[in-house]
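One structure is given below, encoded as structure tokens.
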Protein chains: 2
Amino acid sequence: MTVQIDPASDRAVYRQIADYLRGEVERGEREPGAQLPSESQLMSAYNVSRVTARRALGVLVTEGLVVAEHGRGWFVRRRPPVKRLGSDRFSRRAEGKAAFTVDMEASNRRFRVDVLDVGRGPAPIEATTRLGLDAGAETVVRRRLYFAEDQPIEVATSYIPLDVADGTPIDQPNPGPGGIYARMEDKGMTFDRYEEEISARMPTQEETRLLRLPPGSPVMHLVRTAIADGRPVEVCDTVMDAAAFVLHYRLPA
Amino acid sequence: MTVQIDPASDRAVYRQIADYLRGEVERGEREPGAQLPSESQLMSAYNVSRVTARRALGVLVTEGLVVAEHGRGWFVRRRPPVKRLGSDRFSRRAEGKAAFTVDMEASNRRFRVDVLDVGRGPAPIEATTRLGLDAGAETVVRRRLYFAEDQPIEVATSYIPLDVADGTPIDQPNPGPGGIYARMEDKGMTFDRYEEEISARMPTQEETRLLRLPPGSPVMHLVRTAIADGRPVEVCDTVMDAAAFVLHYRLPA
DNA sequence: CTCGTGAACTTGTGTATACGAGTCTAAGTA
DNA sequence: TACTTAGACTCGTATACACAAGTTCACGAG
């Protein structure tokens, strides 16, 4: 194992080790149930003390990615966190500043919204499936961060088929009054219903940063498919600080 | 600070310290935002090394209860995990074995259900509020554990007003075929709708044990109020292993 | 009064060491 | 063959120490 660790880096050594192992797990190079290097292997591979090796593993425990088995070793969790939607391209671009900011009034509360990223690009497989598109198809992608009282509480990514957005400012940072739904209605579309899937999991590193989450804080994950005129016209992937929200639903019996 | 720690106990010292601090937080003796003892104060109070004191605090970090601020100290999290429903009396009684076990067929999957506890007792304030009862009113309480493929996935507690259960076996471990809803329909009741609230949080200790959760694994929390003939007839508080479930909803537009 | 500095606290990161306890395997014994 | 045991591995818990870095506050200089 080559040494990828820079002790002079700003980032603590144990975090660098955790980053490396996390990358291997997230890229699928270590599958669920697979054994990780033992603590003593980490000690010699990275030239650190056992305390530091264990601290690296402890980070991944807090993230729900790995578990220890006494006397046996460390393993990638068998029931991994729910599959994430996410686009690499837009994840990277969202590192920068907000492209656009608006204030909106919703449910009697003022929200600030930072539009992190807007553009056209390939959608993740989970989104194309829900939209009824071919795998890897291009869509309009809108990524934004919602605030309540200057606290970031929600990061949302929408995927809209190109033909739905066509001829509208939906692919622009500011889609105009009423947002993208209003633009779709301008085109004569009528919304039928929403299909939603709700799950909870530990946040990714990026979500921890964007939502300013303390360690050990789960997020709720809401994937909403909007259906208009009988066809899916938007998949909206929303990640919320779980401590900040309770969702209320009313279902017919 | 008196020493409540037993080094000879089976339970590790750092866990005992964590238990004590957790209790103070959960009982409200340390409010959100309040400062915890510093690491050196814990060292002298419990006569342990700094590593052990930090390990105790690390447990509470993983549970999402406390945060550290560099150079300032340790604090109870300001946005605490969503309020839990829960009845002390029944939590204690549920420690034992299942009172009753049934197999049920649901959505093409076989479930095993352990009925942990059934009886009459005071309901928590959150349940009485939803049921429109006075605070501390008695209800029928049914607590049960659901399994899928011998994995515990769900612990559910139902609170039913006494007059709704009256004259039925709803307050018995086995309420008969079709469960308690069938018994209510036997009485001529018609279900109108459900109101649900969904949140996510880190599990309590008891939930971790019952659901066999690895550390760092969040739970989803579903509170469902069933309404029949215009009045709430049951509050069902369900805690699920978040990694095992995705909830699907269809909402009218 | 304002500003800056230093001391005394806090947590963050890292080392080395020790022993307990669970798991696995291979060698040895009945 | 079947069982036991010893050894070598694993993680679990705990001690003691060191230095870096952030926060707070009081004191002194201007």
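Because the structure is a prediction, the values reported are computed rather than measured. Throughout, protein chains are lettered first and strands after them, A, B, ... in sequence-line order, and every chain is numbered starting at 1.
- Listed by chain and number, the residues in a salt bridge (Lys or Arg N to Asp or Glu O under 4.0 Å) with A:Arg22 are A:Asp19, A:Glu63 (sequence neighbours excluded).
- Straight-line distance from the CZ atom of A:Arg55 to the P atom of D:dA14: 16 Å, rounded to whole Å.
- Nearest nucleotide to the B:Thr52 side chain, out of D:dC11, D:dT15, D:dT13: D:dT15.
- A donor-acceptor pair under 3.5 Å links the side-chain atoms of A:Gln16 to the main chain of A:Arg11, judged by distance alone.
- Looking at B:Arg30, its side chain never comes within 3.5 Å of a backbone N or O of B:Gly23 through a donor-acceptor pair.
- For the pair A:Glu69 CD and D:dC11 P, the interatomic distance rounds to 11 Å; values are reported in whole Å.
- Taking atom CE of B:Met43 as the reference point, atom C1' of C:dT11 lies 13 Å away to the nearest angstrom.
- Looking only at side-chain heavy atoms (C-beta outward), B:Arg142 and B:Cys236 stay at 4.5 Å or farther from each other.
- Note on A:Arg15: every side-chain N or O is 4.0 Å or more away from OP1 and OP2 of C:dG12.
- Side chain of A:Glu207 to main chain of A:Val155: no donor-acceptor pair is present (N/O by atom type, distance under 3.5 Å, no hydrogens or angles).
- Proximity of A:Trp74 to the phosphate of D:dT10: no side-chain N or O atom is located under 4.0 Å from OP1 or OP2.
- Ranking D:dG12, D:dT23, D:dT10 by closeness to the B:Arg72 side chain, first place goes to D:dT23.
- If you measure from atom CD1 of A:Ile17 to atom C1' of C:dT15, you get 14 Å, rounded to the nearest angstrom.
- Residues satisfying the side-chain hydrogen bond (donor to acceptor under 3.5 Å, both in side chains) test with B:Glu31, not counting sequence neighbours, are none.
- Formation of a donor-acceptor pair under 3.5 Å by the A:Arg143 side chain with backbone atoms of A:Val141 is not found in this model.
- One can place CZ of B:Arg54 at 11 Å from P of C:dG14, the figure rounded to the nearest angstrom.
- Atoms CG (B:Leu42) and P (C:dT10) sit 11 Å apart, rounded to a whole Å.
- Checking the phosphate oxygens (OP1, OP2) of D:dT13, a side-chain nitrogen or oxygen of B:Tyr14 falls inside 4.0 Å.
- Atom CD in A:Gln41 sits about 18 Å away from atom P in D:dA8, given to the nearest Å.
- At D:dC9, none of the side-chain N or O atoms of A:Ser40 fall inside 4.0 Å of OP1 or OP2 (strictly under the cut-off).
- Comparing C:dA16, D:dT15, C:dT11 by their nearest atom to the side chain of B:Val48 picks out D:dT15.
- Between A:Tyr46 atom OH and C:dT13 atom P there is a gap of 18 Å when expressed in whole angstrom units.
- Note on B:Ser38: only backbone sugar-phosphate atoms sit closer than 4.0 angstrom, heavy atoms only; bases stay farther off.
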Anything under 3.5 Å between a protein N or O and an N or O of nucleotides 17-20 of chain D, put it in a table, one pair a line.
residue: D:dA18; atom: N6; partner: B:Arg50; partner atom: NH1; Å: 3.4

